[in-house]
Amino acid sequence: MLDIRLIRDNPDQVKQRLAGRSGDFASLVDEVLAIDAQRRAAETERQKLQSDRNRISKEIGIAKKNGQDTSAIEAEVRGIGSRIDEIGREADASDAKQRDLLLSIPNLPHEACPVGSTAEENPEVRVWGAKPEFAFQPKDHTVLGAALGMLDFEAGVKITGSAFVVYRGAGARLERALISFLLDLHTTQHGYEEISPPLLVKPECLEGTGQLPKFGDQVYHSPEDNLYLIPTAEVPVTNLHRDEIVPLEKLPINYAAYTPCFRREAGSAGLGTRGLIRMHQFDKVELVKITTPETSMAELESLTGNAEKVLQLLGLHYRVIELCTGDIGFGSAKTYDIEVWAPGQGTYLEVSSCSNFGDYQARRMNLRYKDENGKNRIPHTLNGSGTALARLFVALVETYQQADGTIVIPEALRGHFGSEKIG
RNA sequence: GGUGAGGUGGCUGAGUGGUCGAAAGCACAUCUUUGCUAAAGAUGCGUAGCCUUAACAGCUACCGAGGGUUCGAAUCCCUCCCUCACCGCCA
């Protein structure tokens, strides 16, 4: 959520920064400004009336103590009371409306965010490794998965539906090995605290990180309980500190969490993706940071580096791109995507999206920290996948497949997997 | 799920209709004094909003959340949430 004061004081600058995004937000800014003026007028009026009532009510108390008749003055205050109710309803309605509007305005792209309108304009930042060469035609992971008894898509459909999968045998084992490999790496080498959060969260959490109210149709919801299945560990983990004032000494906070992620993918069903590329449920290890504003950009670089390390250790070719203003996520100020090469697909797959949200999420979730002067300030939040599992699985088996149909397990993973090859 | 008890400021804990945003203690900050590995005293010490300002100040709201009664609610009533204890159920 943007700071209403920023919008109030620099509306043109805000509009200009938002103009880099796809979609028109200038009119929303104007709406917010109009409602803000209404809200403040009503609020001022209400507070003046409340002040009057408080004063006169005290006088009544004193007069009654002295045995005086107060019926006339009580009638007067009754009148004030009904006006307070009236103007109060107005003020509350404006306040709610203003909040709704603010929640639906995306974050300002950072000055450092490259300007562009579509994904085609995302600059490539760096490339690691090279596309592996094969002396044979590399197979798709669905073919490998079926042949080695690792992936059972039919079973997923049978028990749940399309875009659900059953991992079995070496597949289930590989998935588990990857999860513990990733967690061990980030907790022992990169200084993150491991978190295992609930997978069901309250709506406030989704509002805090930005999925609600705008993207409610992408999240599974249990109406009886008013709980949502998390679309990413970012939601429960960042909200760990919702409504808190964190002491400065605790920053930066670094969390790593493995969770399954659940996404309805409404509107994108059957979007030409085969196999594991886009599922309603997938595993992911997520990295979350809470930092001071001064250090957040440097922390974004280190967070991205931590995610890249995964691919380097596994020997998987990847590239890092930076999202331009037109392609950046709703709450993000600056984002790097890491894309791993999947030989069987002949394409790069996004396995990580590392973003600095600035104070956008923290303001939504009323997260603050005390600075060195004891002042409450709003910290910056960051997160990135470290990494998504299903696509990492794809890249891994497709990269390390052999001519005989077996899969070699990369050195770094053997301890976790417990053997050198599959098949 | 049932019964009982309870949810007050960073913590402990008073406060059952009126100058209560809230006693007291602890913790913390600054200052003073005496001195020596500390004691005593003074002052300050929540969050947000509004209105203003060079700054201070002022006003309003917040005593788990939301409603209600009242001229006036931390205090009375209703609903919900949470914590603790016991019971029930259960991986």
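Keep in mind it's a predicted model, so treat the numbers as computed, not measured. Throughout, a chain's letter reflects where its sequence line sits, starting with A, and its residues are numbered from 1.
In summary, A/Asp95 and A/Arg99 do not engage in a salt bridge, as defined by a charged side-chain N under 4.0 Å from a carboxylate O. Using a cut-off of 4.0 Å between Lys/Arg side-chain N and Asp/Glu carboxylate O, A/Glu411 and A/Arg414 are scored as salt-bridged. Under the 4.0 Å criterion applied to side-chain N and carboxylate O atoms, A/Asp92 and A/Arg89 are not assigned as salt-bridge partners.
Against RNA chain B, the stretch residues 76-100 of chain A makes heavy-atom approaches under 4.0 Å through A/Val77, A/Arg78.
Ring centroids of A/Phe330 and A/Phe215 are separated by less than 6.0 Å, placing the two rings close together.
Pairing for B/C26 goes to B/G10, judged as Watson-Crick or G-U wobble with the two contacts each under 3.5 Å. Under the Watson-Crick or G-U wobble criterion, with both distances below 3.5 Å, B/G88 is left unpaired in every strand shown.
Residue A/Arg46 places no side-chain N or O under 4.0 Å from the OP1 or OP2 atom of B/C59. For B/C50, the OP1/OP2 oxygens have a side-chain nitrogen or oxygen of A/Arg39 closer than 4.0 Å. Contact annotation: A/Asn54 reaches the phosphate of B/U60 (side-chain N/O to OP1 or OP2, under 4.0 Å).
Remark: C1' of B/C51 and CD of A/Gln47 are 8 Å apart, rounded to the nearest angstrom. As rounded to whole Å, 14 Å separates atom P of B/C50 from atom CD of A/Gln50. Atom CZ of A/Arg8 is separated from atom P of B/G49 by 9 Å (rounded to the nearest Å). Between the CZ atom of A/Arg40 and the C1' atom of B/U52 there is a distance of 12 Å, given to the nearest Å. Counting to the nearest Å, the P atom of B/G17 and the CD1 atom of A/Ile60 are 18 Å from each other.
Side-chain contact annotation: A/Ser94 with A/Glu90, donor-acceptor N/O pair under 3.5 Å absent. Under the 3.5 Å distance criterion, with hydrogens and angles disregarded, a donor-acceptor pair is assigned to the side chains of A/Glu74 and A/Thr70.
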